[in-house]
Participant: 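I have a structure I would like to understand better, so I am pasting it below and will then ask my questions one at a time.
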Amino acid sequence: MPELPEVETVVRGLRAEVVGRRFVSVELLRGDRFRPDGQALVAGLLHRQAVAARRLGKVFFLDLDDDLTLTGHLRMTGQFRVQDPLIERAPHTHLILGLDDGRELRWRDARRFGWLHLGATADSSALPEVVKLGADALAMPREAFLEALRGSRRAIKALLLAQDIVAGVGNIYADEILHRAGVNPRQASDTLSPARARKVHEAMLGILEAAIAASGSSVSQYVDVSGEAGSFQQSHRVYGRAGQRCAKCASAIVREVIASRGTYYCPHCQRLR
DNA sequence: GTCGATGTTATCAA
DNA sequence: TTTGATAACATCGA
């Protein structure tokens, strides 16, 4: 489901709704995607207070008192919701944290690709899923980005998706970024002119910031912690629009599999060079 | 009912 | 080095 803008929206929601709250109860319904294990989360989270929320790429961190941190990844369908206990629990709800204001923080994940990890705050950045991340897409200096592009012969789309190079861009935003930059997704990364590489970087920042301002994209069932859908899907120029007219040139958007992912682009304004 | 695709990523083979 | 296939799993639409 979620890429950097959606994770950022969730983190902001946690900051607004959960930080400052204490967990007064913990209910585990299914713990097979939790580390060290479900019981460790139950025991470790009970009576803790959330003190901060942050993220790196698509990985989020909920810092707690006692120098603990709940780290996690939504992968495809992971979801945090803050809800009244009277509201019926959605299917695939796996963990429920009772908050000291009477509400509940609920974690659900239909496909169960997502994960949560509880450990010392100091160790949270040493998790294998975190250590291997490249620079956050919003914080990566332009020069470092250009250098990364020059250093690889892979298709530019694959580069944008490589979390060890630049963290946070996923399939939707990679396509939107390349369309805004006018770059073909198959273009070998090291063959981009400096000017075009700069355009890709500029488009990456522009698209991600605009998507955050719109609270992310809801193409299927993504919602933030308050249950609100994002609205950036209304601004998608290529993603999911095969057969429709390009907003720039009116050519038909096509869909092809590139870098093993469904890829949408305009063959006219995103020519291979 | 079947098939293919889905916003993610780890792993393994070529 | 890089790519592609496969796997994890559930749901939705054709």
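Below, chain A is the first sequence line, B the second, and so on; all start at residue 1. For the numbers below, each heavy atom of this structure counts, side chains included, while hydrogens, waters and symmetry mates do not.
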Participant: When you check the phosphate oxygens OP1 and OP2 of B/dT8, does a side-chain N or O of A/Arg261 lie under 4.0 Å from one of them?
Facilitator: yes
Participant: Select one nucleotide: of B/dT6, C/dC9, B/dT9, the one nearest the side-chain heavy atoms of A/Arg255.
Facilitator: B/dT6
Participant: Counting only heavy atoms not in A/Glu27, do more than 12 fall under 6.0 Å of its CD?
Facilitator: yes
Participant: Looking at A/Gln49, I'd like to know if its CD atom is crowded, meaning that more than 12 non-hydrogen atoms belonging to other residues, nucleotides or ligands lie closer than 6.0 Å.
Facilitator: yes
Participant: Between C/dA5 and B/dG4, how far is it from one P atom to the other, in whole Å?
Facilitator: 14 Å
Participant: If you check every side-chain atom of A/Glu3, which of B/dA10, C/dT2, B/dT8 has the closest atom?
Facilitator: B/dT8
Participant: Nearest whole angstrom, please: distance from the P of C/dC9 to the CG of A/Asp32.
Facilitator: 8 Å
Participant: Specify the separation, in whole Å, of atom CD of A/Glu256 and atom C1' of C/dT3.
Facilitator: 17 Å
Participant: If you only use heavy atoms from C-beta on, which nucleotide in C/dT2, C/dA10, B/dT8 is closest to the side chain of A/Lys58?
Facilitator: B/dT8
Participant: For A/Tyr173, report the nucleic acid contact type (base, sugar-phosphate, nothing); a contact means any heavy atom under 4.0 Å.
Facilitator: nothing
Participant: Would you say a side-chain N or O of A/Ser152 is under 4.0 Å from OP1 or OP2 of C/dT2?
Facilitator: yes
Participant: Side-chain N or O of A/His92 less than 4.0 angstrom from OP1 or OP2 on C/dA10?
Facilitator: no
Participant: Tell me: CD1 of A/Ile258 to P of C/dT3, nearest whole Å?
Facilitator: 12 Å
Participant: Say you pick atom C1' in B/dT8 and the same atom in C/dT1; how far apart are they, in whole Å?
Facilitator: 22 Å
Participant: Would A/Lys157 and A/Asn171 count as having a side-chain donor-acceptor pair, cut-off 3.5 Å?
Facilitator: yes
Participant: Against the six-membered ring of A/Phe23, is A/Arg48 placed for a cation-pi contact (under 6.0 Å from the centre, within 45° of the normal)?
Facilitator: no
Participant: Whether the A/Gln244 and A/Tyr264 side chains hold a donor-acceptor pair (N or O, under 3.5 Å, no angle test) is what I'd like checked.
Facilitator: no
Participant: By nearest heavy atom, map A/Leu133 and A/Tyr264 onto DNA chain B; which one lands nearer the 5' end?
Facilitator: A/Tyr264
Participant: Starting from C1' on C/dT11, measure out to OH on A/Tyr222 and report it in whole angstrom.
Facilitator: 20 Å
Participant: Give me the distance, rounded to whole Å, that separates C/dG4 from B/dA5 when you measure between the P atoms they each carry.
Facilitator: 16 Å
Participant: Distance check needed: C/dA10 C1' versus A/Met76 CE, whole Å only.
Facilitator: 10 Å
Participant: Applying the Watson-Crick and G-U wobble criteria at under 3.5 Å, what pairs with C/dC9? Answer none if nothing qualifies.
Facilitator: none
Participant: Does A/Arg154 have a side-chain nitrogen or oxygen under 4.0 Å from the phosphate oxygens OP1 or OP2 of C/dT3?
Facilitator: yes
Participant: Is any side-chain N or O of A/Arg111 under 3.5 Å from a base N or O of C/dT11, one able to act as donor and the other as acceptor?
Facilitator: no
Participant: Distance check: side-chain N/O of A/Arg112 vs OP1/OP2 of C/dA10, anything under 4.0 Å?
Facilitator: yes
Participant: Which of these nucleotides, C/dG4, B/dT9, B/dT8, is closest to any side-chain atom of A/Gln163?
Facilitator: B/dT9
Participant: Would you mind reading off the distance between A/Leu149 atom CG and C/dT1 atom P, rounded to a whole angstrom?
Facilitator: 18 Å
Participant: Quickly work out the A/Lys132 NZ to B/dA10 C1' distance and round it to whole Å.
Facilitator: 7 Å
Participant: Heavy atoms only, 4.0 Å cut-off, all strands: where does A/Gly262 land among base, sugar-phosphate and nothing?
Facilitator: sugar-phosphate
Participant: Testing the 3.5 Å rule here: is there a donor-acceptor pair between the side chains of A/Tyr239 and A/Gln233?
Facilitator: no
Participant: Please state how far atom CD in A/Gln79 lies from atom C1' in B/dT8, giving the value in whole angstrom units.
Facilitator: 16 Å
